[in-house]
Each structure stands twice: as structure tokens, then as C-alpha cells.
Amino acid sequence: MASRGKDVYCICKKPYNSQEFMIECSVCKDWFHGSCVDITEDNASYIDQYHCPNCHCVHGPLVLKRRHLPCLELNNDKEEARIGKMRTGSKQFIEELKRKQFSCSELPVISLKGWEATVEYLNENGFTLPILVKVKDGLDLVVPPKTFTVNDVENNVGSMREIDVIDVAKQEDHKMFLREWTDYYTAAKRQKILNVISLEFSNTKLANFVDPPRLVKEISWVNNCWPQDEEDPMFIKPEVQRYCLMGMKDSYTDFHIDFGGSSVWYHIVGGQKIFYLIPPTPTNLEIYEKWMMSSQQPETFFADLVDDCYQCTISEGETVFLPSAWIHAVLTPVDSLVFGGNFLHSYNIDLQLQVYEMEKRIKTPQKYFFPNFEPLHWFAARSIGEIIREYREGGHEVPKHLISGTKTLITHLRDWTTKKKPSENVPYPISHKQLLRDLRKELDRFLLPWDESQELRNGRAAEATSGPYFRCGTKRKPKGIKRRKVAWDTAQFFKR
């Protein structure tokens with residue numbers, strides 16, 4: 001170890017501290033704090049030659065000791081026979097999938113310009129169909145240029161970041177260091193097809209290169225409802241809006257619903273993806289749940305069980321928004337680099353909660369749940385109550401999806417507090433009883449806000465509860481304020 005004098009070390013230029021782990025660069029022989037170069041003491045045991053940030057530029061990335069990686073093992077004949085029978089993810093399966101014909105009916109995908117994908121659009125049209133934006137201009141989306149590579153991902157996330165890697169043929173998860181992944185991804189010959197779909201990088205340097213679309217930031221509950229200054233040490237803010245996906249040619253992700261029924265934004269920096277989309281109708285969700293519970297799932301192509309499955313190709317430079325609970329599979333026809341993220345919002349509260357309850361019924365492993373799903377819903381309930389109160393006090397109209405979603409939300413929040421101790425899912429400083437009372441009171445004011453007999457005499461009772469909005473109070477919407485403008489207030493509220 002370095003001298004204990006007043007010499008300084010590392011990129012932080014601080015003196016030696018016996019309480020901090022340090023690692024020596026194999027080239028320049030300087031010492032670096034593990035915390036400064038993203039190397040833990042445990043991970044250091046896997047390193048053969050460490051190259052510091054300066055030496056990395058000349059001598060390349062660090063060199064790891066060779067170790068056994070199960071995901072790179074070649075299958076024996078017996079294993080190959082089992083995979084062939086399993087079908088999903090096998091070479092035979094991929095070839096059959098490429099030849100398969102899907103629904104001939106019109107593709108249920110809305111094409112928009114970037115500047116058209118706004119909160120106003122969702123308030124007018126809902127968020128029930130996938131949205132495809134072919135050019136990102138107007139989305140306020142920040143992503144790296146198409147010259148960005150897997151090596152650049154490693155340089156900005158860290159060579160020793162441990163990531164989840166999927167063995168496509170077996171549809172099994174394995175662990176690798178990002179350095180090992182980059183070596184294999186860039187190798188001239190690959191013996192197996194691997195896929196990375198869950199590298200969350202919010203707390204790395206890569207986050208400086210990616211900022212989600214404006215629309216996502218304006219409607220995401222994590223962005224707008226999770227408080228910045230009321231951190232409860234029991235509940236950490238979910239980090240789910242910045243994922244990097246690195247897929248090898250012919251990698252395949254089987255049919256699934258994103259955790260918590262969350263929606264997804266997805267931008268192709270390089271390559272191409274083919275989506276197989278199935279709408280979340282009650283029938284399809286029922287079939288999906290049975291399929292997830294079936295012992296025959298690996299041998300059953302889910303699209304064969306439903307009436308319609310739509311094929312949609314997303315190419316380089318395009319962005320897609322998938323609404324809540326859409327069932328989908330993804331094929332990667334060429335090596336691809338993708339950035340995306342998940343978000344919960346107020347447009348499909350019912351579906352989000354429905355999927356969450358399904359996840360519990362099918363005994364989904366805890367690591368595959370949306371992080372802190374229940375605490376987030378308490379914060380969302382508090383924000384929704386304030387939004388509804390603003391509508392009421394302004395005499396404006398409230399979107400029906402917010403009314404129906406709030407009803408469902410109240411039911412589930414009450415149910416969660418009866419099945420668990422409030423301390424297990426209610427974040428500080430929320431008083432769950434008071435919040436439920438206040439939210440119920442606001443709903444009651446909307447559902448019976450005026451003298452019904454007077455409405456009947458005026459012949460307007462039907463009008464009062466029809467259309468995409470509910471009227472509030474005896475006031476009418478002020479003349480000159482368009483419905484789209486009133487809807488925009490929801491986003492503006494969050495910004496205050």
C-alpha cells in the first residue's frame with residue numbers, strides 16, 4: 001500500500017486513509033479509492049490487471065481473471081434435445097417465428113409527430129394504444145448518437161457493474177460483469193445468443209447521456225408524486241425510467257407484461273426490434289394468467305392462445321410508447337442498442353392495479369415487482385386528491401379516467417392496510433386514515449355535486465355525467481377555456 005505521508009492519491013487527490021479500500025493501477029502504479037473508480041473490495045479479487053481512468057485511454061479497459069460462466073457453456077446433446085422440445089428461444093423457434101404470419105387486421109398503433117405526443121393528446125384520446133414516433137424531434141428526448149456503442153456503455157456505467165444476462169435458448173438469467181459482457185458482445189464469433197434487458201443506470205455517468213421524453217416526465221408518478229424532501233428511509237425512490245438494453249442478433253424476450261402494469265418508453269439508438277403486441281382485454285389477461293401458471297408455458301407460444309397478435313417493427317431512430325398492461329414479446333433481428341424506461345401514471349390506474357394483483361397471485365419473485373409499488377400509490381393518492389380539489393374549487397371538469405381510477409385506488413389502499421401493518425407500505429408522513437377520508441370526500445363531492453332535481457328540470461342530467469369529463473359544483477367551465485386547456489392543468493399542477 002502507498003506511503004502514509006502527506007502524498008495524495010487517486011483522482012480525488014486526497015491522502016491515504018487506512019479506512020478506505022484502494023486499488024493500484026497496473027500501469028502507472030498510482031493508487032485509487034474504490035469508491036472513486038467504482039471498484040468494490042470484493043470485485044477487486046476478480047481483476048487481473050487494473051487500469052485507472054487515465055491509463056484506460058491508452059491501454060484499454062481492465063483485464064479480468066478467467067472464470068467459469070455458466071451462460072457461456074455449450075449445451076450437450078441431451079440439453080440441445082431438451083431446448084429443441086422447449087422451443088421458446090431455440091434456433092428452430094426463432095426461424096419459425098420469422099416465418100409466422102400474424103393478424104391481418106389494422107395494426108393498433110398510433111403514429112404521431114414528436115410535438116404531438118403531449119399530455120393534451122392523452123387527455124383528449126386516452127392512453128390505451130401504443131404510440132409510435134418515427135422522428136424524435138419534438139419529444140424533448142435526449143439519447144446518445146447512433147455512433148454510441150456497447151463499449152461506451154461500459155465506460156460510463158463501470159466495467160465491474162454486475163448485470164443480469166439472459167441465455168436466450170434456455171430463457172434463463174445469469175450474472176456477468178459488464179466487462180465480460182462487452183468482451184463477448186464484441187467477439188468475432190459467438191457460441192451462444194445472450195440478451196441484456198434490465199441494466200438500470202440512473203446513478204451512473206451514462207445518465208448524463210439519456211433523459212426520458214417530456215411526456216413521460218410530465219405524467220410519471222415517480223417524477224411528480226414521490227416527494228424530493230420527505231424521504232422515508234424505509235422506502236427508496238424507484239429508479240426505473242432509464243434502462244439500457246443490449247441485444248444480440250436473434251435474441252428473443254418471451255411474452256410478458258411489464259412490472260406493475262407499467263407503461264414503457266423505448267428508443268432504438270442502433271439496430272431494430274420486432275414487437276409482438278397483444279391488447280390487455282379481460283379475456284387476454286385471463287388467458288395470460290393461466291399461461292403464466294401453466295407447466296407447459298415454455299412449450300406454448302402465447303400468441304396461439306389469443307384471437308389477435310400484431311407484429312410491429314421499430315427501427316433505428318424511432319420511439320415507441322407502450323400503454324399499461326400490453327402483453328408483448330420482442331425479437332431482435334440485428335444487434336441492437338436501446339434506451340427506455342418504465343412509468344406508472346393516472347391514465348390506467350385500474351389496469352396497473354389489476355396487473356399487480358395478478359403478479360401476487362402467480363407468485364412473482366419479489367425482485368421482478370415494480371420497486372416500492374404500494375408506497376408510490378400512497379404518494380400518488382395524495383397528489384390526486386390535491387388535483388381533484390383544484391378542479392372542484394375552479395368549477396372545472398375532471399377526466400373520467402381520474403374519477404374511475406381514484407375509486408379503484410381507494411379500494412386497494414384500504415385493502416392493503418387491512419392485510420398489512422400500515423408501516424409496511426404507508427410512507428412517512430402520510431396518515432393513511434386521514435388520506436382515505438379526504439380522498440373519499442373529494443370523490444363524493446364530484447359524484448353528487450349539484451341539485452339533481454334542478455338538473456332534471458333543466459334537462460341536463462344526462463349531460464352532466466356523460467362524455468370524458470365529470471362536472472364539478474354549480475359552476476360551468478368558463479367560456480373561452482377549451483377542454484384541452486383545462487386538461488393541461490394536471491401537468492401544470494405537478495410542476496408547481
Side-chain angles (χ1 to χ4, degrees), residues 80-112 128-134 166-171 192-195 197 245 247-258 263-264 266-268 270-336 338 340 351 355:
E80 285 291 346
R82 185 182 72 83
I83 294 173
K85 182 180 179 182
M86 181 190 299
R87 293 188 64 246
T88 302
S90 65
K91 292 181 180 179
Q92 178 186 352
F93 169 83
I94 298 298
E95 293 306 315
E96 290 179 4
L97 180 60
K98 291 177 179 179
R99 293 191 297 265
K100 190 174 179 63
Q101 297 296 314
F102 290 88
S103 179
C104 296
S105 55
E106 184 178 355
L107 185 66
V109 174
I110 306 297
S111 291
L112 294 180
T128 57
L129 295 176
I131 296 173
L132 175 63
V133 179
K134 291 188 174 293
I166 299 173
D167 180 339
V168 174
K170 295 181 180 179
Q171 292 290 292
K192 302 186 75 172
I193 299 173
L194 305 179
N195 196 17
I197 61 173
L245 299 86
M248 296 180 179
K249 178 184 177 182
D250 288 341
S251 58
Y252 172 78
T253 305
D254 205 6
F255 285 97
H256 64 283
I257 297 174
D258 279 83
S263 299
V264 182
Y266 206 85
H267 179 85
I268 313 289
Q272 190 180 74
K273 296 281 186 176
I274 300 175
F275 279 73
Y276 303 94
L277 303 169
I278 297 174
T281 64
T283 299
N284 288 345
L285 289 175
E286 181 179 353
I287 296 172
Y288 176 80
E289 182 170 354
K290 291 179 180 178
W291 176 72
M292 288 291 292
M293 297 286 284
S294 170
S295 61
Q296 302 299 313
Q297 179 196 355
E299 303 170 20
T300 306
F301 188 56
F302 179 73
D304 292 338
L305 304 178
V306 299
D307 291 335
D308 291 303
C309 177
Y310 304 90
Q311 179 176 315
C312 178
T313 300
I314 314 296
S315 301
E316 186 176 294
E318 296 181 346
T319 308
V320 66
F321 299 88
L322 285 187
S324 306
W326 271 70
I327 307 164
H328 58 287
V330 184
L331 174 67
T332 306
V334 295
D335 286 0
S336 299
V338 174
L351 268 177
V355 170

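Source: prediction; values computed, not measured.
A side chain to side chain contact (heavy atoms under 4.5 Å, CB included) with Leu132 is found for one member of Thr319, Val109, Thr313 and no other, namely Val109. Tested against Trp326 for a side chain to side chain contact (heavy atoms under 4.5 Å, CB included), the candidates Ile257, Ile278, Leu277 yield a single pass: Leu277.
The stretch residues 274-294 participates, sequence neighbours left out, in these ring pair (Phe, Tyr, Trp, His ring centres under 6.0 Å) pairs: Phe102-Tyr276, Tyr266-Phe275, Tyr288-Trp291, Tyr288-Phe302, Trp291-Phe302. Among pairs with a residue in residues 310-325, those fulfilling salt bridge (Lys or Arg N to Asp or Glu O under 4.0 Å) read Lys134-Glu318, at least two apart in sequence or across chains.
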Carefully, step by step, assess Glu286 and Lys290 under the rule salt bridge (charged side-chain N to carboxylate O under 4.0 Å, His left out). CA-CA 6 Å; Glu286 181 179 353; Lys290 291 179 180 178; 3.5 Å; yes

In sequence, state the C-alpha distance, the side-chain angles, and the governing distance for Leu285 and Leu351, and then conclude on side chain to side chain contact (heavy atoms under 4.5 Å, CB included). CA-CA 10 Å; Leu285 289 175; Leu351 268 177; 3.9 Å; yes

From CA spacing to verdict: side chain to side chain contact (heavy atoms under 4.5 Å, CB included), Lys98, Asp250: CA-CA 10 Å; Lys98 291 177 179 179; Asp250 288 341; 2.8 Å; yes

Pair Lys273, Thr253 - check side chain to side chain contact (heavy atoms under 4.5 Å, CB included), show working. CA-CA 11 Å; Lys273 296 281 186 176; Thr253 305; over 6 Å; no

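With rounding to the nearest 0.5 Å, the separation of CZ in Phe301 from NZ in Lys100 is 6.0 Å. Between the CG atom in Asp307 and the OG1 atom in Thr283 there is a gap of 8.0 Å [rounded to 0.5 Å]. Between atom OH of residue Tyr252 and atom OG1 of residue Thr88 there is a gap of 6.0 Å, rounded to the nearest 0.5 Å. With rounding to the nearest 0.5 angstrom, the CG atom of Leu331 is 11.5 Å from the CG atom of Asp254. Between Ile268 atom CD1 and Ser315 atom OG the span is 8.0 Å, to the nearest 0.5 Å.
Between Ser251 and Ile166, the closest side-chain pair of non-hydrogen atoms is not below 4.5 Å. Side chains of Pro323 and Thr128 form no contact here, defined as non-hydrogen atoms less than 4.5 Å apart.
In this structure, Lys91 does not pair ionically with Glu95, as no charged nitrogen and carboxylate oxygen lie closer than 4.0 Å.
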